[in-house]
*Asks:* 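Below: one structure in C-alpha cells.
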Amino acid sequence: MCGIVGYAGSKPAAPLLLNGLAKLEYRGYDSAGLALLEQGVRHQVSGVSKNNRAHLLIIKKAGKIHNLVSAIKSELKTDTRERITAGIGHTRWATHGQPTDENAHPHMDCGRRVAVVHNGIVENYQHLKKQLQAKGHAFRSQTDSEVLAHLIEEQLKKYPWAEAVRRALGQIQGTYSVVAVYEGEPHTLVGARSGGGALVVGWGKGETLLASDVPALLAHTRRVSYLDDNEMAVVTPEGPTFLDVLTGKPVSKKISDIEWTAEQAEKGGYPHFMLKEIMEQPRALEDTFTSRLDPRTGEVVLEGKFWDSPFIQKFRKITLLAMGTSYYAALVGKFLLEKYLRLPVDVENASEFRYRDPIIGKDTLAVVISQSGETVDTLVALREAKAKGARIATICNVMGSSATREADGVLLTRAGPEIGVASTKAFTTQLGALWLLTLFLAGVRKTMPVAELQKKAKELSRLPQQMAALLKQRKALEKIAREYSHYFNFLYIGRGIHYPIALEGALKLKEISYIHAEGYPGGEMKHGPIALIDSKMPVVAIAPKSSGVYEKMLNNMEEVKARQGKLIALVEKGDKLAASKADTVIEIPTVSEDLSPILSVVPLQILAYEISKKKGREIDQPRNLAKSVTVE
Ligand code: M6R
C-alpha cells in the first residue's frame, strides 16, 4: 500500500524523505513524489525585494523511486536541496486513476500553496469534486485524494492552518492517513488518521517525523506515538501536539520505544529481504519462545493481564480471524486448539466475516492473526467481533500497530521487521505463537496432562535447531528450482494439518513467481482437480510419514504418477517408500505430526524463492502486491 514520510527539522529534507520512502518500498507502489518547503525565497512586496517567503516545490514521477531521484537532481540545484528542511513524501499504489506523473502524490490546491499525501479512499470524492468545480477549482489528476488539497484551500479562507485541515477532513467520507503542508506555515506539518492505515509520529531531537510505517523512522528515532482513528498530529521541529479530529480538542499520547533496530530493516548482505527473512526463521522462532516456554515444566507464560483474567477460564468458543498467509496459519491453529482444548474453533477469512452475520458473542475468544496489525479487512473483523461482545486477542508482529492497540490481549511474534512482501518468518512465528497459545490455554484450563504438555514443550524448543539444519538444503532446492521453473502451473496437495501448508506453498509460488499454483486437500483431487494432471503439471505432495493420513497421501501420489504428472514429494528423512513414487524428493526431519507444518513450509518457501529468482522476478516487491493491505 502507499507509503508516507514527513519531516520537519534542520537537516536536508529531500535525501531524508527519499531514504524514508526507500524503506517503505516493500509496501508496493507504482509512483512516488515529494513536496518540499523551500525557505528564504526572494520575492517582491510592494516593489521591495524580501527574503523569507517559503515556496512549495512538488516533484513526482510514475515508476520507481530512482525516477524521482533523477528528477530531483535535474530540477533542484544542490544548494537548494540542502537548504530545504521540511517536506513530505509518498509512494502511491494506484486505486483511483492510472499510475501517471499527474496522479502521483503529493496533490496541490489551485493556488499551489497546499500539498497533501494520502493513503486510503475518499468515498465521496465525486460529489466533493463537483461542488469544488462549481466553485471554480480546477483538478489536475483523476485521483480521489486531490479533493483534500482543494477542501483545505477553501477552509484556509476562514481558518488557520491546522484547523483548516481538520475542517476539511470533517467533509470527507472514507478512510485516510494523510499529511499536509502549507507554504504559509512552512515548519508545520499536519498529519491525521481515520482508518486508512497507520500513521506514526517519530520524536527526534530538534526534528519530528511522520511515517506510515516504523522502518522509515528507525534511522532517526525509535521513540514513537501511533495515531489512533480520528486523531491528528500538528508537527514542528520542536515536537508534535495531538488533537481529536472530530472535536479539535487536545489529546495526550504516550510515547513507545521501538525494539527494532535500523540494521534489522536492512538486507544484511542477502540479495533479497525474502531470503534474509527465510534464513532468520530459526532465530525468530527461538525469540518467540524465549521467556515464555519452559520445556522442563511444559508451562507457558504470556505477557499482559488479559491472560490472567477470569475470561480465559470461561470462554466456550474460539474464532480465528485473518487474511492471506496469516489465514493459513489460522487453519493450522484450528487443528491445535480443537485437538488440545476440545472447544469449537472457527477460522474466518476476515474479509468475508464482516459481510455475514456471524454467530459470535460474549463466550467467544476472537484471535486476530496479522503480521502487520494493519490489514484493513482483519481490523474491521476485529471491530465486528468486539461489537458482538467477543473478547479479542491478537497474534501480531508489530507492537503498537492497530491490532495490538485494539485487542484485549497481545501475543507478539518476535520475528523482527518483515520487509519482503511474501510472508515467511511471520508465518512460522505465527505457528509458534499458536502453539504457545494452545499450550497456555490447555495448561490453565487443564485440558492436557502435564506429561503431554512437557513433551510438546520439549519438542517445540528443539524446532529452531531442526529448522536451521533444514535451511542447509538451499543448494539442493536451487537445483530443483532449475528443473521446474519452466512449468506454467503447479498443484500443491496435503491432508489434515498439512493442507494449510499446501495452500501456503502455492501462495508463495504464485505471488512471487507469477506461476499459477493452487493448493488442495488430497481428498479433493478426485472431485475435479485431477482432470488437470498430465506431464506438464508438477504436483507438490506434502506427505510426512508421521501423518495419520500418510497412506492416503501415498494413494494421491500414485494417482498423479498414473496420469504422468511430475511429482515432487515432501517426505520425512529416510522414507524410501514415499520417495520411490516421486520424481523429486525433498526431505524434512521427523517430528510429531502437529509440529511438522512449522518445518515443512520452509523448503516450500525456498523453492518459491529460487524459482522466482530463476525467472528474474522482483521478489521483494511482486507486481500488484502490497505488504499490508490497508484499503478494501
Ligand atoms: O499483515 P497481515 O498478516 O495481516 O497480512 C495478511 C496478508 O495480506 C499477507 O499474509 C499476504 O497474504 C502475504 N503477501 C503473503 O505472503
Side-chain angles (χ1 to χ4, degrees), residues 1-3 5 18-30 32 64-66 91 93 198 211-219 258-285 287-288 324-326 370-375 396-398 401 413-430 467-468 471 474 477-478 481 504 507-514 601-630:
M1 280 309 95
C2 313
V5 193
L18 287 169
N19 197 31
L21 290 182
K23 294 281 179 281
L24 299 180
E25 273 190 298
Y26 69 91
R27 293 166 66 96
Y29 71 104
D30 41 46
K64 293 290 172 194
I65 290 176
H66 59 78
T91 45
W93 191 83
S212 49
D213 213 346
V214 164
L217 304 177
L218 287 175
I258 301 285
E259 283 178 17
W260 296 351
T261 62
E263 295 70 47
Q264 278 180 302
E266 301 291 340
K267 281 191 200 143
Y270 286 96
H272 298 99
F273 279 110
M274 184 183 179
L275 182 61
K276 176 185 175 238
E277 288 157 8
I278 289 173
M279 303 309 270
E280 280 175 345
Q281 290 180 104
R283 192 274 310 147
L285 192 59
D287 286 357
T288 301
T325 287
S326 300
S370 174
Q371 186 284 128
S372 60
E374 298 296 346
T375 300
C396 187
N397 194 40
V398 183
S401 62
T413 50
R414 299 182 184 134
E418 190 180 71
I419 310 284
V421 164
S423 193
T424 52
K425 62 177 178 173
F427 180 70
T428 44
T429 54
Q430 283 167 349
M467 198 185 252
L471 287 170
R474 201 184 135 207
L477 286 158
E478 193 187 340
E504 174 60 6
L507 174 61
K508 285 295 85 90
L509 186 67
K510 73 181 118 184
E511 70 179 334
I512 58 168
S513 74
Y514 318 146
V601 72
V602 173
L604 301 184
Q605 296 167 342
I606 300 176
L607 186 66
Y609 172 82
E610 294 295 350
I611 289 179
S612 310
K613 205 167 125 200
K614 289 262 130 5
K615 295 182 88 67
R617 302 301 192 214
E618 280 207 63
I619 294 178
D620 285 334
Q621 295 155 42
R623 70 183 180 203
N624 307 337
L625 284 178
K627 180 67 183 161
S628 5
V629 181
T630 55

*Asks:* Any idea which heavy atoms bring Ala415 and Thr429 closest together, and the distance?
*Replies:* CB-OG1, 3.8 Å
*Asks:* Working to the nearest 0.5 angstrom, can you tell me the gap between Glu280 CD and Leu285 CG?
*Replies:* 13.0 Å
*Asks:* The test is side-chain contact (heavy atoms from CB on, under 4.5 Å); show your working for Lys614 and Ile611 and say whether it passes.
*Replies:* CA-CA 5 Å; Lys614 289 262 130 5; Ile611 289 179; 5.6 Å; no
*Asks:* Might you work through the side-chain hydrogen bond (donor to acceptor under 3.5 Å, both in side chains) test for Gln281 and Thr424, ending with a clear yes or no?
*Replies:* CA-CA 8 Å; Gln281 290 180 104; Thr424 52; 5.0 Å; no
*Asks:* Work out which heavy atom in Trp260 is nearest to a heavy atom in Gly416; give both atom names and the distance.
*Replies:*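 For Trp260 and Gly416, the tightest heavy-atom pair comes out as NE1-CA, 3.7 Å.
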*Asks:* Between Ser612 and Ile619, is there a donor-acceptor pair closer than 3.5 Å when you use the side chain of the first and the backbone of the second?
*Replies:*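 No; judged by distance alone, with no hydrogens or angles, the pair does not exist.
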*Asks:* Run the numbers on Arg474 and Glu610 for side-chain contact (heavy atoms from CB on, under 4.5 Å), then give the verdict.
*Replies:* CA-CA 9 Å; Arg474 201 184 135 207; Glu610 294 295 350; 2.9 Å; yes
*Asks:* Between the side chain of Lys508 and the main-chain N/O of Ser423, is any donor-acceptor distance below 3.5 Å?
*Replies:* yes
*Asks:* Verify, without hydrogens or angle tests, whether Arg414 (side chain) and Asn397 (backbone) share a donor-acceptor contact under 3.5 angstrom.
*Replies:* no
*Asks:* When you measure from the side chain of Thr413 to the backbone N and O of Cys396, does any donor-acceptor pair fall under 3.5 Å?
*Replies:* yes
*Asks:* Taking only Lys NZ, Arg NE, NH1 and NH2, and the carboxylate oxygens of Asp or Glu, determine whether Glu266 and Lys276 approach each other closer than 4.0 Å.
*Replies:* no
*Asks:* Does the side chain of Gln430 come within less than 4.5 Å of Ser326's, by heavy atoms?
*Replies:* yes
*Asks:* Is the backbone N or O of Gly268 less than 3.5 Å from a side-chain atom of Glu263, with the two atoms forming a donor-acceptor pair by type?
*Replies:*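 No: the side chain of Glu263 does not pair with the backbone of Gly268.
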*Asks:* Given side-chain contact (heavy atoms from CB on, under 4.5 Å), test Ile278 with Leu471 step by step and report yes or no.
*Replies:* CA-CA 8 Å; Ile278 289 173; Leu471 287 170; 3.8 Å; yes
*Asks:* Can you confirm whether Asp620 sits close enough to Ile419 that some side-chain heavy atom of one is under 4.5 Å from a side-chain heavy atom of the other?
*Replies:* no
*Asks:* Report the distance from atom CD1 of Ile512 to atom NE2 of His272, rounding to the nearest 0.5 Å.
*Replies:*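 Rounded to the nearest 0.5 Å, the CD1-NE2 separation comes to 9.0 Å.
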*Asks:* Let's go through Glu277 and Gln605 carefully: what are the C-alpha distance in whole Å and the side-chain angles of both, what is the deciding distance for side-chain contact (heavy atoms from CB on, under 4.5 Å) to 0.1 Å, and is it a yes or a no?
*Replies:* CA-CA 10 Å; Glu277 288 157 8; Gln605 296 167 342; over 6 Å; no
*Asks:* Quick one: closest heavy-atom pair of Gly3 and Leu24, and the distance?
*Replies:*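 For Gly3 versus Leu24, the nearest heavy atoms are CA-CD1, 3.9 Å.
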*Asks:* Answer yes or no: is there a donor N or O on one side and an acceptor on the other, between the side chain of Lys425 and the main chain of Pro417, under 3.5 Å?
*Replies:* yes
*Asks:* To the nearest 0.5 Å, what is the distance between CG (Leu21) and SG (Cys2)?
*Replies:* 11.5 Å
*Asks:* So, the side chain of Gln371 versus the backbone of Ala426: is there a donor-acceptor pair under 3.5 Å, distance only?
*Replies:*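 No.
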*Asks:* State the CE-NZ distance between Met274 and Lys267, to the nearest 0.5 angstrom.
*Replies:* 14.0 Å
*Asks:* To check you understand the geometry: which heavy-atom pair defines the closest contact between Ala265 and Pro215, and what is its length?
*Replies:* CB-CB, 4.4 Å
*Asks:* Please tell me whether Glu374 and Ser628 have a donor and an acceptor in their side chains that are separated by less than 3.5 angstrom.
*Replies:*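 No, no side-chain donor-acceptor pair sits under 3.5 Å.
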*Asks:* If I take atom OH from residue Tyr514 and atom CD from residue Glu618, how far apart are they, to the nearest 0.5 angstrom?
*Replies:*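 Between Tyr514 OH and Glu618 CD, I get 6.5 Å after rounding to 0.5 Å.
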*Asks:* Any carboxylate oxygen within less than 4.0 angstrom of a Lys/Arg side-chain nitrogen, looking at Glu478 and Lys613?
*Replies:* no
*Asks:* Report the distance from atom CD of Glu511 to atom OG1 of Thr325, rounding to the nearest 0.5 Å.
*Replies:* 5.5 Å
*Asks:* Taking all non-hydrogen atoms of both residues into account, name the closest pair between Thr375 and Ser370 and its distance.
*Replies:* OG1-OG, 3.9 Å
